[in-house]
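Notes for the one structure printed next.
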2 protein chains.
Amino acid sequence: MKTRGARPIGMSLWETTHVVYREFERMLAAHGLNRATWFILLALDEAVHPTQREVARAVGISDATLTHHVRNLEDAGLVHRTRDPDDRRVQCIELTDEGRAAFARIHDDAMAFDRRMRAVLGPETTAALLGALDTLTTEFARPGDSTPIPRA
Amino acid sequence: MKTRGARPIGMSLWETTHVVYREFERMLAAHGLNRATWFILLALDEAVHPTQREVARAVGISDATLTHHVRNLEDAGLVHRTRDPDDRRVQCIELTDEGRAAFARIHDDAMAFDRRMRAVLGPETTAALLGALDTLTTEFARPGDSTPIPRA
DNA sequence: TATTGTTATACTCTATAACTATA
DNA sequence: TATAGTTATAGAGTATAACAATA
């Protein structure tokens, strides 16, 4: 068949995301985290006392998968869980002091990573890229799917 | 901490790639393929009688992982392997008639998918997006990594 | 009955190491 | 010795289903 012609956008999208995220995850790994646990910490940072279910929705994974990752974070001493006294079904996840310190360190690295991307693109191309990505997300998103994080 | 400020580019990149690829893989699944096996068929289409090792390099997976996927493709009747008579260590992978037909069908769907992306973006934004992705890939690629396909 | 979260289990993709067979 | 590929095994991330505790 010898498929020739313009390279599909999806190919470039896939390759770039892969290349960029391999570097990003290398950084996370140096802090003992992976993509999922980093997204969980971000979700914790953006909500006040979220339930595990809310965090799972924000991250885009199942409750069972979240339990798995939260256990790892807890074993690492970065988060602490307590049952909500007003509704003892609910687990309240909070960063420990150590977790807050780790978050701050990783957040610094993540911001530096973002600055590197913006610097190499320049402000106009950065804006164009973000606009294009947003257009594609709107076009292909399914209602009811949250998901910033899936298996890739 | 309440991290506020501009959304990181990586977040958008990740989310868009996820949303787009979930739809793409839904299409592939309707044809009985997944991302890895589709990339393998693409690699077969672009080279003449490649060895398995060459295909693995092109796809960006290990030899052992390739064996795994090729076995699935063979079980599905889409490819056929023969030992190279000139060097019996080498497996030559070829599409079967059924494989060629499946490839053509999926390729049509993949092109339609690409047209949909280009249509919603428009020609200028498409070009800008591809340029930005290329810039990022160049910035973050590591020499010696082939990789169009990894786990994401 | 409904909801929150956990456990048990399993599946998929991936890799490394050890191996076979060929060269 | 070196190379192409396979097998055996394991690990990471994910999910579904069944469950316990609580409401």
Exercise for the section: Answer yes or no: is there a side-chain heavy-atom contact under 4.5 Å between B/Ile40 and B/Gln52? Expected result: no
Practice task
Return the 5'-most residue of the pair A/Thr65, A/Asp87 with respect to DNA chain D, ranking by each residue's nearest nucleotide.
Solution key: A/Thr65
Handout entry: Along DNA chain D (nearest heavy atom to each residue), the more 5'-positioned of A/Ala64 and A/Asp86
Key = A/Ala64
Would you say [X] reaches [N]'s phosphate, i.e. side-chain N/O to OP1/OP2 under 4.0 Å?
X: B/Thr51; N: D/dG5; answer: yes
X: A/Ser62; N: D/dT14; answer: no
X: B/Arg81; N: D/dT6; answer: yes
X: A/His69; N: D/dT14; answer: yes

Handout entry: Pair B/Asp114 + B/Arg118: basic N to acidic O under 4.0 Å
Key = yes
Practice task
Determine the contact category for B/Arg53: base if any of its heavy atoms lies under 4.0 Å from a base atom, sugar-phosphate if only primed atoms, P, OP1 or OP2 are that close, otherwise nothing.
Solution key: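 If one applies the 4.0 Å heavy-atom cut-off, B/Arg53 turns out to touch a base.
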Practice task
May I ask you to say what A/His68 touches in the nucleic acid, namely base, sugar-phosphate or nothing, with a heavy-atom cut-off under 4.0 Å?
Solution key: base
Practice task
Begin from the C-alpha positions of A/Phe103 and A/Trp38 and carry the test ring pair (Phe, Tyr, Trp, His ring centres under 6.0 Å) through to its verdict.
Solution key: CA-CA 9 Å; A/Phe103 181 85; A/Trp38 170 241; 5.4 Å; yes
Handout entry: Centroid separation B/Phe113 to B/Tyr21 less than 6.0 Å
Key =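 Judged by ring-centre distance (under 6.0 Å), B/Phe113 and B/Tyr21 do not meet the cut-off.
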Can you check the [X] [atom1] to [N] [atom2] distance for me, whole Å?
X: A/Ile40; N: D/dT14; atom1: CD1; atom2: C1'; value: 12 Å
X: A/Leu66; N: C/dG5; atom1: CG; atom2: P; value: 9 Å
X: B/Gln52; N: C/dA21; atom1: CD; atom2: P; value: 17 Å
X: B/Gln91; N: C/dA23; atom1: CD; atom2: P; value: 13 Å
X: B/Arg35; N: D/dT14; atom1: CZ; atom2: C1'; value: 13 Å
X: B/Arg83; N: D/dT3; atom1: CZ; atom2: P; value: 17 Å
X: A/Arg88; N: D/dA20; atom1: CZ; atom2: C1'; value: 13 Å
X: B/Asn34; N: C/dC11; atom1: CG; atom2: P; value: 16 Å

Practice task
Check B/Thr138, B/Thr17, B/Thr137 against A/Thr16 for a side chain to side chain donor-acceptor pair (under 3.5 Å) and give me the one that passes.
Solution key: B/Thr137
Exercise for the section: Check if the side chain of B/Arg89 and the base of D/dT3 share a donor-acceptor pair of N or O atoms closer than 3.5 Å. Expected result: yes
